[in-house]
Amino acid sequence: MASANDRPTAVVTGASSGIGASTARALGAAGFHVVLGARRVEKCEEIAKEIDGTAIALDVTDADSVAAFTGAVPEVKLLVNNAGGAKGLAPVAEADEDDWRWMWETNVMGTLRLTKALLPKLDASGDGHIITVTSIAALEPYDNGAGYTGAKHAQAMLHRTLRGELLGRPIRVTEILPGMVETDFSLVRFKGDEERAAKVYQGITPLTPDDVAETIAFAATRPSHVNLDQIVLKPRAQASGSRAHRTN
Ligand code: NAP
């Protein structure tokens, strides 16, 4: 892999777009050697070039891909579990099992696989940090969202459990819980339906991926004894997953 020089290494999953891409750039600017992982590795390569980072193909739902990816990273100080997303917006009565499996595999099992594989290296760094991007969907239910809120709650529980299990180890644990952020998230959720995706952000100023990335970089650059446990950030006009003010 490309030389990390003497920069600490940060792994960012789901770095090909949205919050992950912005986070890779923000961490690069903060002095990290960033290893970017996603299935669309060519998009990661473009960003890696900009920030003198390293792009490696990663499918978090595939154990072999995770093993190849983590095996190619000799040392790591920061893991950002960001890969994830939603599929569909259906009431429980009409739940699509394939959508549920996708959300569970990507958000929950993906976070588990990366975390498990990189824990020994984070520990060995002497100053490790795991930042997981869950969501305000990990705080409460909203109608038609059970597949996503369920997966985000499970991902959050995995992450929050680490806070206790890692006491005494040199690893910090930070959960980032964003509200509405304008990314490809809704396009993925609505399976390429651009009109439906655009409606999600109509009449409201959502967060940008850079807003979230700045927050992640802030948490990552506090002194080692400072653990920011949970950071909830939402647009001013959004109160919860089911309540927002729209101008039209
Ligand atoms: P996005 O633009 O769709 O980005 C999702 C990222 O996840 C992409 O880079 C995608 O890369 C990657 N990904 C998906 N499946 C993957 C897989 N199997 N293996 C590896 N990477 C995979 O959406 P985003 O909003 O930035 O989402 C990032 C995170 O923020 C997600 O965990 C999401 O749940 C969370 N979040 C988003 C919002 C929001 O409103 N946007 C709010 C709260 C939380 P490839 O397709 O190239 O693999």
Side-chain angles (χ1 to χ4, degrees), residues 11-26 34-48 55-66 68-70 79-89 99 101-114 131-140 142 145 147-156 158-159 175-192 197-198 200-201 204-213 215-216 230-235 238 240-241 244:
V11 166
V12 180
T13 70
S16 60
S17 72
I19 295 167
S22 288
T23 298
R25 290 190 177 100
V34 183
V35 179
L36 301 92
R39 293 166 303 177
R40 289 169 295 171
V41 70
E42 66 290 348
K43 288 191 175 277
C44 293
E45 274 157 6
E46 284 169 27
I47 301 160
I56 305 175
L58 171 67
D59 181 346
V60 300
T61 68
D62 176 347
D64 291 341
S65 170
V66 172
F69 178 89
T70 55
L79 165 64
V80 182
N81 284 311
N82 166 75
K87 283 271 188 208
L89 191 64
D99 284 350
R101 266 188 284 274
W102 185 94
M103 289 187 270
W104 194 269
E105 268 297 326
T106 311
N107 295 284
V108 188
M109 300 307 288
T111 297
L112 174 63
R113 289 189 186 101
L114 266 294
I131 299 183
T132 302
V133 181
T134 64
S135 169
I136 59 166
L139 296 176
E140 59 183 2
Y142 59 81
Y148 185 58
T149 56
K152 284 299 190 187
H153 273 73
Q155 181 194 29
L158 182 176
H159 173 90
E175 181 183 358
I176 306 287
L177 302 91
M180 198 186 289
V181 192
E182 190 163 9
T183 63
D184 287 347
F185 176 87
S186 295
L187 202 60
V188 172
R189 171 169 246 176
F190 299 127
K191 300 168 187 170
V200 173
Y201 311 110
I204 193 165
T205 304
L207 298 175
T208 67
D210 285 348
D211 293 329
V212 184
T215 305
I216 291 173
Q230 287 188 320
I231 305 175
V232 181
L233 64 159
K234 292 178 283 196
Q238 182 181 30
S240 73

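Atoms within each ligand, like the ligands themselves, are counted from 1 in listed order.
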Looking only at heavy atoms, is any part of Thr106 under 4.0 Å from ligand 1, and if so is it the side chain, the backbone, or both, or is it neither? side chain

Is there any N or O on Gly14 that sits under 3.5 Å from an N or O of ligand 1? yes

Assess the side chains of Gln155 and Thr111: does a donor N or O sit below 3.5 Å from an acceptor N or O? yes

Ala21 to ligand 1, any heavy atom closer than 4.0 Å: no

Is it the side chain (CB and beyond), the backbone, both or neither of Phe69 that lies under 4.0 Å from ligand 1, heavy atoms counted? neither

Has ligand 1 got any nitrogen or oxygen that is less than 3.5 angstrom from a nitrogen or oxygen of Tyr201? no

Ligand 1 atoms in contact with Thr61 (distance to a heavy atom under 4.0 Å): 18 (N)

Do Glu45 and Arg40 pass the salt bridge (Lys or Arg N to Asp or Glu O under 4.0 Å) test, and can you show the C-alpha distance, the side-chain angles, and the key distance before you say yes or no? CA-CA 9 Å; Glu45 274 157 6; Arg40 289 169 295 171; over 6 Å; no

Between Thr134 and ligand 1, find which residue part has any heavy-atom pair under 4.0 Å and reply side chain, backbone, both or neither. backbone

For ligand 1, note which part of Met180 has a heavy atom under 4.0 Å away: side chain, backbone, both or neither. backbone

So is Gly37 polar-close to ligand 1, meaning N/O to N/O under 3.5 Å? no

Check: of Asn107, Leu177, Asp62, Ile19, min heavy-atom distance to atom 30 (O) of ligand 1 comes from Ile19

Using a distance-only test with no angle check, is there a side-chain donor-acceptor pair under 3.5 angstrom linking Ser22 and Asp210? yes

Any donor and acceptor pair, going by atom type alone, linking the side chain of His153 with main-chain N or O of Thr149 inside 3.5 Å? yes

Does some non-hydrogen atom of Gly85 fall short of 4.0 Å from ligand 1? yes

Quick one: which ligand 1 atoms are inside 4.0 Å of a heavy atom on Asp59? 17 (C), 18 (N), 19 (N)

Give yes if a backbone or side-chain nitrogen or oxygen of Arg40 is under 3.5 Å from a nitrogen or oxygen of ligand 1, and no if not. yes

Can you report which non-hydrogen protein atom sits closest to atom 41 (N) of ligand 1, along with the distance? Val181 O, 3.0 Å

Report yes if Lys152 has an N/O atom closer than 3.5 Å to an N/O atom of ligand 1; otherwise report no. yes

Please classify the Glu105 to ligand 1 contact at 4.0 Å (heavy-atom distances, strictly less than): side chain, backbone, both or neither. neither

